[in-house]
Student: 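The structure under discussion is supplied below as structure tokens; questions concerning it will follow.
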Amino acid sequence: MDPLYTSYPLSIDNSLTGEKEAFVPVHEGNVGMYVCGPTVYSDVHLGNARTFTSFDMIFRYLKHLGYKVRYVRNITDAGHLENDADTGEDKIAKKARLEQIEPMEIVQRYTVDFHKVMDALNAFPPSIEPTATGHISEQIEMVQSILDKGWAYESNGSVYFDVTAYNANGGAYGILSGRKMDELQAGTRALDGQEEKRNPSDFALWKKASPSHIMRWPSPWSVGFPGWHLECSAMSTKYLGETFDIHGGGMDLKFPHHECEIAQNNACSEQKGARYWMHTNMLTLNGKRMSKSTGNTILPRELFSGDSPLLDKGFSPSVVRFFMMQAHYSSVLDFSNDALLAAEKGHDRLLSALEKLDTLDASKESTIGLEAWIDKCYQAMSDNFNTPILIAHLFEAIKWISSAESAIALSSADLSIFKAALHSFAFDLLGLRKKSLDAGDAHKDALDKAMSLVIELRAQARLNKDWGTADLIRDQLQEAGIKLKDGAEGTNYSL
RNA sequence: GGUUCCGUGGCCGAGUGGCUAGGCACUGGUCUGCAAAACCAGCUACAGCGGUUCGAGUCCGCUCGGAACCUCCA
């Protein structure tokens with residue numbers, strides 16, 4: 001049987017060209033995808049979580065289509081300059097000194113935290129999660145190779161990429177972000193080492209370490225650390241090759257980070273690295289950019305627990321994920337208490353319909369066009385991963401399932417196809433998770449038994465028209481966070 | 001100031017020139033001891049002003065408003 005990607009060919013909005021393009025991988029049937037990971041010097045924030053959740057969905061769909069995917073997402077644990085430090089000191093080292101611990105201790109703590117958040121959001125780990133500090137020699141080799149080409153120069157122990165020379169020799173710095181060279185000259189500020197550069201738009205490939213800089217490695221030029229953009233070029237090349245399929249990251253990395261990456265890759269191997277660039281959009285909170293200084297910020301764990309002045313309550317990771325999937329990855333998404341509340345209701349309705357799916361009976365014949373429906377779902381996803389459209393189609397199916405009089409009938413063959421399709425769309429692709437999986441099963445069993453007893457007692461009271469007792473039970477349970485739902489076939493409850 | 005992008009019904013959010021996206025809220029109904037839940041039905045918007053077109057939410061121009069980037073940032 002042919003893989004799904006032949007029936008539902010994928011198209012991707014390529015930010016390198018600005019066009020939506022048919023996706024054709026370098027090696028048929030295989031996909032190499034590199035996504036810029038987090039800098040692990042503080043708590044992962046919600047924006048990071050959105051980006052990585054989007055790429056998790058993309059990873060899931062690529063695999064679902066039948067591709068063999070190698071998904072590489074790095075951990076940046078070295079090499080970024082502190083923006084408000086005039087020492088040119090490593091971000092991680094600076095924080096370490098403030099907290100009086102080892103840099104790698106910071107890295108470890110926030111890496112673990114990051115993994116916890118992504119796990120809660122039901123994101124698969126990438127195939128490879130390389131660290132910048134684990135790939136210093138590869139980065140040094142890359143610097144050397146660019147120097148050999150003549151597109152970089154050494155200055156006082158540091159090495160800078162020579163943007164002017166690169167562009168004079170056929171390079172296209174600015175190709176991704178649409179920036180023109182002359183526009184890049186203005187508006188620079190007094191960064192450390194600026195006087196070492198020939199040109200303000202040149203960027204560091206290797207930086208000589210100041211005496212206070214803790215993270216440092218020997219190199220042919222100085223004891224120092226790699227430049228801001230080098231790790232991604234080095235690691236994507238190492239694990240995916242000089243030319244690979246997809247490179248992703250947040251929109252904010254487009255310039256300068258990804259622009260520099262392309263230049264570095266191109267300078268080394270005359271390949272541009274990735275053929276398809278995908279940029280996920282930003283997340284705002286109550287219509288504004290998140291900012292710690294104004295208090296307009298929220299951490300994933302605060303979102304889950306509700307421990308924030310901006311929220312009435314906590315939202316389960318599956319609800320958060322559903323909320324994110326209701327918007328397209330390439331659109332700005334605004335987080336707010338009200339929007340989350342609305343998403344939660346939709347999410348819960350979707351999941352309870354999926355539970356009801358198991359109780360559906362098969363008929364002799366099908367009365368709906370199941371094939372056409374499944375086709376629509378795949379076409380939405382294959383059209384640049386349009387999860388909001390997929391969700392709209394899912395709600396159409398929900399209507400079929402939950403109509404009281406069973407508006408539809410499905411043959412037993414179709415019923416199992418229908419079940420399998422819904423499960424794979426909701427759980428395998430969107431990555432939603434059933435609530436019951438969160439609670440311990442033993443507790444759940446015990447609660448079920450206790451509740452059926454309470455429900456039985458209330459049913460007796462109602463039979464005796466003892467409304468006082470019946471309503472007391474209902475109201476007290478409500479206060480305890482348990483909601484009774486009276487239906488035609490008896491009463492059940494939800495937490 | 002420059003680059004990129006966005007402004008869709010009460011709210012959130014899809015829309016790839018012509019065919020009701022969807023969710024939440026709301027209103028009516030079914031059900032019900034009451035309520036909730038559930039189910040059924042209704043709710044037709046595209047910032048403003050011009051232009052192109054037989055036809056524009058969708059293309060072009062201008063105006064207003066917003067976002068990201070231009071300095072580390074998903």
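For clarity, every value in this text was computed on a predicted model and none was experimentally measured. Below, chains carry the letters A, B, ... as their sequence lines are ordered, and counting in each starts from 1.
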Student: Does any donor atom in the side chain of S330(A) or N281(A) lie under 3.5 Å from an acceptor atom in the other side chain?
Tutor: no
Student: Which letter, B, S or -, goes with each nucleotide of nucleotides 5-12 of chain B from 5' to 3', with contact meaning a protein heavy atom under 4.0 Å?
Tutor: -------S
Student: In Watson-Crick or G-U wobble terms, both distances under 3.5 Å, what is the partner of A38(B)?
Tutor: U30(B)
Student: Reckon K345(A) has a side-chain N or O less than 4.0 Å from the OP1 or OP2 of A25(B)?
Tutor: yes
Student: Sequence neighbours excluded, which residues qualify as ring pair (Phe, Tyr, Trp, His ring centres under 6.0 Å) partners of Y71(A)?
Tutor: F59(A)
Student: Once you apply a heavy-atom cut-off of 4.0 Å, does K288(A) come out as touching a base, just sugar-phosphate, or nothing?
Tutor: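 No contact at all - K288(A) keeps every heavy atom at 4.0 Å or more from the nucleic acid.
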Student: Round to the nearest Å and state the distance from M290(A) atom CE to A68(B) atom P.
Tutor: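 Atom CE in M290(A) sits about 11 Å away from atom P in A68(B).
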Student: Please list each protein N or O that sits under 3.5 Å from an N or O in nucleotides 30-34 of chain B, with the distance.
Tutor:
residue	atom	partner	partner atom	Å
G33(B)	O6	R462(A)	NE	3.4
G33(B)	N1	D471(A)	OD1	3.1
G33(B)	N2	D471(A)	OD2	2.9
C34(B)	O2	R474(A)	NH2	3.3
C34(B)	N3	R474(A)	NH1	2.9
C34(B)	N4	R474(A)	NH1	3.3

Student: Taking a pair as Watson-Crick or G-U wobble with both distances under 3.5 Å, which nucleotide is matched to U3(B)?
Tutor: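 Base-paired to A68(B).
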Student: Side chains of Q264(A) and S233(A): any donor to acceptor distance under 3.5 Å?
Tutor: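 The answer is yes; a qualifying pair exists.
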Student: Are N199(A) and S201(A) close enough that a side-chain donor and a side-chain acceptor fall under 3.5 Å?
Tutor: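 There is such a pair between these side chains.
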Student: Let me know, please, whether T280(A) or I389(A) comes out on the 5' side of the other along RNA chain B by nearest nucleotide.
Tutor: I389(A)
Student: If we ignore angles and hydrogens, is there a donor and acceptor under 3.5 Å between the side chains of Y276(A) and E21(A)?
Tutor: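 Distance-only check fails for Y276(A) and E21(A).
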Student: Tell me whether R73(A) forms a cation-pi arrangement with F52(A), defined as NZ or CZ under 6.0 Å from the six-membered ring centre and within 45 degrees of its axis.
Tutor: yes
Student: Looking at the side chain of N386(A), which of C39(B), A36(B), A14(B) is the nearest nucleotide?
Tutor: A14(B)
Student: Please find out if less than 6.0 Å separates the ring center of Y61(A) from that of F425(A).
Tutor: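 Between F425(A) and Y61(A), which both carry aromatic rings, the centre distance is not below 6.0 Å.
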Student: On RNA chain B, check which nucleotide each of G47(A) and S177(A) is closest to and give me the residue with the more 5' one.
Tutor: S177(A)
Student: Is the F244(A) to Y239(A) ring centre distance short of 6.0 Å?
Tutor: no
Student: Look at the side-chain N and O atoms of R349(A) and state whether any lies under 4.0 Å from the OP1 or OP2 oxygen of A37(B).
Tutor: no
Student: Categorize G249(A) for me: base, sugar-phosphate, or nothing, with a 4.0 angstrom heavy-atom threshold over every strand shown.
Tutor: sugar-phosphate
Student: Expressed in whole Å, how much space separates the C1' atoms belonging to C12(B) and A21(B)?
Tutor: 14 Å
Student: Determine the contact category for L340(A): base if any of its heavy atoms lies under 4.0 Å from a base atom, sugar-phosphate if only primed atoms, P, OP1 or OP2 are that close, otherwise nothing.
Tutor: nothing
Student: Please determine if a side-chain N or O atom of S331(A) lies less than 4.0 Å away from the OP1 or OP2 oxygen of A14(B).
Tutor: yes
Student: For atom P, what is the distance between C19(B) and A45(B), given to the nearest Å?
Tutor: 14 Å
Student: Could you tell me which nucleotide pairs with G17(B) by Watson-Crick or G-U wobble geometry, both distances under 3.5 Å, or answer none if nothing does?
Tutor: none
Student: Is R60(A) salt-bridged to D56(A), cutoff N-O under 4.0 Å?
Tutor: yes
Student: Could you state the atom-to-atom distance from CG of N337(A) to C1' of C24(B) in whole Å?
Tutor: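 Checked: the CG to C1' distance equals 13 Å.
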Student: Round to the nearest Å and state the distance from F114(A) atom CZ to C73(B) atom P.
Tutor: 15 Å
Student: Scan G248(A) against the nucleic acid and name what it touches under 4.0 Å (heavy atoms): base, sugar-phosphate only, or nothing.
Tutor: nothing
Student: If A47(B) has a Watson-Crick or G-U wobble mate with both distances under 3.5 Å, name it; if not, just say none.
Tutor: U63(B)
Student: Can you identify which nucleotide, out of C69(B), G23(B), C72(B), has its nearest atom closest to the F395(A) side chain?
Tutor: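 The answer is G23(B).
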Student: State which of A68(B), G13(B), C70(B) makes the closest approach to the side chain of M282(A).
Tutor: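 Looking only at side-chain atoms, M282(A) lies closest to A68(B).
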Student: Identify whether any heavy atom of H45(A) sits under 4.0 Å from a base atom; if not, whether one sits that close to sugar-phosphate; answer base, sugar-phosphate or nothing.
Tutor: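 Since a base atom lies under 4.0 Å of H45(A), the category is base.
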Student: Provide the distance between the two C1' atoms, one in G1(B) and one in C46(B), to the nearest whole Å.
Tutor: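 My reading of the C1' atoms in G1(B) and C46(B) gives 32 Å.
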Student: Can you tell me how far C1' in U8(B) sits from the matching atom in U20(B), rounded to whole Å?
Tutor: 15 Å
Student: Looking only at the side chain of S402(A) (C-beta and beyond, no hydrogens), which of the listed nucleotides U4(B), C69(B), C39(B) gets closest?
Tutor: C39(B)
Student: Rounded to whole angstrom, note down the P distance from A47(B) over to G9(B).
Tutor: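 Between the two P atoms, the distance is 8 Å.
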Student: Could you state the CG-C1' distance from L354(A) to A38(B), rounded to the nearest angstrom?
Tutor: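 Distance, rounded to whole Å: 16 Å.
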Student: Would you tell me whether S11(A) and N384(A) have side-chain atoms, one donor and one acceptor, within less than 3.5 Å of each other?
Tutor: no
Student: With rounding to the closest Å, how many angstrom separate the P atoms on G2(B) and C59(B)?
Tutor: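 It works out to 23 Å between them.
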Student: Whether the T76(A) and N74(A) side chains hold a donor-acceptor pair (N or O, under 3.5 Å, no angle test) is what I'd like checked.
Tutor: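 Per modelled atom types, T76(A) and N74(A) side chains form a pair under 3.5 Å.
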Student: Taking the side chain of H328(A) as heavy atoms from C-beta outward, which of C24(B), C39(B), A14(B) is closest to it?
Tutor: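 Looking only at heavy atoms from C-beta outward on H328(A), the closest nucleotide is A14(B).
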